[in-house]
S.K.: 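Here it is, the structure in full.
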Amino acid sequence: MQEIVTGNFAPFRWVIWPPGSLRIVDWNIDRGLQLQAVIDFLASTNADILILQEVDLNARRTHRLNIAEEIARKLQMDYVFGREFEELVQGSKASPAYHGQAILAKWPISNPRLIRFSRQSHFWQPRWYLPRIEPFQERLGGRIALVANINVAGSKLVIYDLHLESRANDELRFSQAQEVLSDAARQDPRCPLVIAGDFNLDASKGAASAFATAGFQEAIAEPHTPTTPSHRLFEPGRRIDWAFVRGPIRAGSGRVHNQVKASDHYPGRVHNRVKASDHYPISFTLTGSRG
C-alpha cells in the first residue's frame, strides 16, 4: 500500500471570495472504534477542516473499514490519510492493516506528504520472542506528521497533523516537534499554517515557547483544560492535544469538548455510556488577521 491514500467526496462549490472564517476540529479518535459516535459529533460541529489522529485502515478491530473514507463519505469531505504504522496483529500478509493520521476538508486538498520523524522510540518494533497477539501491538513504521495544503477559494492553508511518540520521554517528543517547526520555517511566512494533533506531552512546559519563538500562537485559550479524561480518583486528566497557528490569521472560539461521549448509537448498547476516545476533541475558528 502507498503511504498516502486520498479520496474526494466534497461537492463542488462555486465561490468568488474565501469565507470570513473556517472552523477546525482536531481529535485523536482512538482508531474509530466508536465510529458512529465520532461521525455524529463531527457532523454536529459543521467543521470545514478535520485533523484526526489514530485512524484505522483495514484493521480487524474496526471491521476492515477505511475509517477516514467512511467519515469523509458521510460528511461529504475530501480526505488524505497518511500511513504511520502497519498493524501486524490487525491484518495479515494477504490483507495488511494500517494506522495513521487523516486530514479532511470541505475544500480541495493538495500536495500531501509525510514527515517521518528521524528519531523514533522503536518500542513498537516486532521482536522474535513476543507473540503476535493484541496486547503487544507489534507494528512496522514510525511516528509521522501528515502535511497537506487546503485550497480555500484560491487561498492556501497548510495543515500539519502530528502524532508524537507515546512510548518515550518528552525529550524525544520535543525533538519530533522540532522537526515539524524546521519544516514549517521553510514555508512562505505569508501563508497561514496550522500545526495540531496529539503531542503526548504538556506543551505549556517548554514546547509552547519553541512554537512562540517560531511565530506561532496557541489556538485554544484554555492551556490548563485537560484533553484526556481522568482515569483514577484524584488524578486529573492531561492536556496533551494542542493546536498552534501562524501567518495572517488568528484563532478564536477555541474550546475543549470535554463532555463528548458516545451513547445510544450502536444497536444492542442503547444504555451503555462509552467514550468515543480517550481524547476530547478541540475546536477553533480561523479568521484573517487584522494586525
Side-chain angles (χ1 to χ4, degrees), residues 6-13 15 18-32 34-55 66-82 100-110 112 146-153 155-163 192-198 217-222 225 227 241-245 247 249-262 265 276-277 279-288:
T6 63
N8 304 99
F9 299 97
F12 176 78
R13 292 187 292 172
V15 291
S21 64
L22 293 173
R23 185 164 178 79
I24 298 177
V25 174
D26 170 68
W27 195 9
N28 178 321
I29 62 169
D30 192 21
R31 289 104 176 172
Q34 302 291 334
L35 179 58
Q36 188 58 56
V38 168
I39 290 173
D40 288 346
F41 169 74
L42 293 175
S44 75
T45 69
N46 194 30
D48 298 282
I49 298 170
L50 305 176
I51 304 172
L52 307 178
Q53 304 86 47
E54 292 200 10
V55 181
N66 179 340
I67 296 298
E69 184 168 297
E70 292 294 316
I71 297 172
R73 191 189 306 275
K74 294 290 179 61
L75 302 185
Q76 294 188 296
M77 305 177 83
D78 292 351
Y79 83 91
V80 56
F81 168 87
Q101 281 121 266
I103 298 170
L104 290 78
K106 293 180 178 178
W107 304 88
I109 304 174
S110 63
L146 172 63
V147 189
N149 299 343
I150 313 295
N151 183 346
V152 183
S155 296
K156 183 174 75 170
L157 171 67
V158 181
I159 303 290
Y160 288 79
D161 183 356
L162 277 61
H163 193 186
L193 306 183
V194 175
I195 296 178
D198 180 358
Q217 295 181 330
E218 288 185 44
I220 310 297
E222 302 173 337
T225 302
T227 59
D241 302 271
W242 298 82
F244 297 89
V245 302
I249 52 174
R250 61 178 182 172
S253 306
R255 62 169 296 196
V256 178
H257 298 263
N258 54 10
Q259 299 302 313
V260 173
K261 293 183 182 294
H265 293 288
S277 170
H279 295 245
Y280 297 128
I282 61 176
S283 67
F284 54 96
T285 300
L286 288 184
T287 57

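What you are looking at is a predicted structure, and each value in this text was computed from that prediction instead of being measured.
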S.K.: Apply side chain to side chain contact (heavy atoms under 4.5 Å, CB included) to A72 and list each qualifying residue two or more places apart in sequence or on a separate chain.
M.R.: F9, Y79, L104
S.K.: Which heavy atom of G82 sits nearest a heavy atom of L146, and at what distance?
M.R.: N-CD2, 3.9 Å
S.K.: Taking the side chain as everything from C-beta on, heavy atoms only, tell me whether V260 gets closer than 4.5 Å to W27.
M.R.: yes
S.K.: Do D26 and V194 have side chains that approach each other closer than 4.5 Å (heavy atoms only, starting at C-beta)?
M.R.: no
S.K.: Of all the heavy-atom pairs spanning V55 and L52, show the shortest one and how long it is.
M.R.: CG2-CB, 3.9 Å
S.K.: Would Q53 and H279 count as a side chain to side chain contact (heavy atoms under 4.5 Å, CB included) if you check the C-alpha gap in whole Å, the side-chain angles of each, and the deciding distance to 0.1 Å?
M.R.: CA-CA 10 Å; Q53 304 86 47; H279 295 245; over 6 Å; no
S.K.: Just by distance, do the side chain of D161 and the backbone of I51 share a donor-acceptor pair under 3.5 Å?
M.R.: no
S.K.: Got a second to check how far D48's CG is from R23's CZ, nearest 0.5 Å?
M.R.: 9.5 Å
S.K.: How close do A102 and A68 get, counting heavy atoms only, and between which atoms?
M.R.: CB-CB, 3.8 Å
S.K.: Determine the minimum heavy-atom distance between V256 and Y280, stating which atoms define it.
M.R.: CG1-CB, 3.8 Å
S.K.: With no hydrogens and no angle check, is any side-chain donor or acceptor of D30 less than 3.5 Å from a backbone partner on G32?
M.R.: no
S.K.: Suppose we screen for side chain to side chain contact (heavy atoms under 4.5 Å, CB included). Which residues come up paired with P19, at least two apart in sequence or across chains?
M.R.: L22, W107, V152
S.K.: To the nearest 0.5 Å, what is the distance between CZ (R31) and CD (E54)?
M.R.: 4.5 Å
S.K.: So, using side chain to side chain contact (heavy atoms under 4.5 Å, CB included) as the criterion, who are the partners of A43 when residues are at least two apart?
M.R.: L75
S.K.: About how many Å separate CD of Q36 and NZ of K74, when rounded to the nearest 0.5 Å?
M.R.: 5.5 Å
S.K.: Would I71 and I29 count as a side chain to side chain contact (heavy atoms under 4.5 Å, CB included) here? Give the steps.
M.R.: CA-CA 11 Å; I71 297 172; I29 62 169; 4.1 Å; yes
S.K.: Counting C-beta onward and ignoring hydrogens, is there a side-chain heavy-atom pair between L157 and L286 closer than 4.5 Å?
M.R.: yes
S.K.: Any side-chain to backbone donor/acceptor pair from D198 onto H163? Under 3.5 Å, distance only.
M.R.: no
S.K.: Could you tell me the separation between the CG atom of L35 and the CG atom of D40, rounded to the nearest 0.5 Å?
M.R.: 9.0 Å
S.K.: Within this structure, what is the CG-OG distance for the pair N46 and S283, rounded to the nearest 0.5 Å?
M.R.: 12.0 Å
S.K.: For the residue pair G254 and I220, what are the closest heavy atoms and their distance?
M.R.: CA-CD1, 3.8 Å
S.K.: For the side chain of T227 and the backbone of D241, is there at least one donor-acceptor N/O pair under 3.5 Å apart?
M.R.: yes
S.K.: Quick check for you: to the nearest 0.5 Å, what is the distance between R255 atom CZ and F284 atom CZ?
M.R.: 14.0 Å
S.K.: So do the side chains of T6 and D78 get within less than 4.5 Å of each other, counting heavy atoms only?
M.R.: no
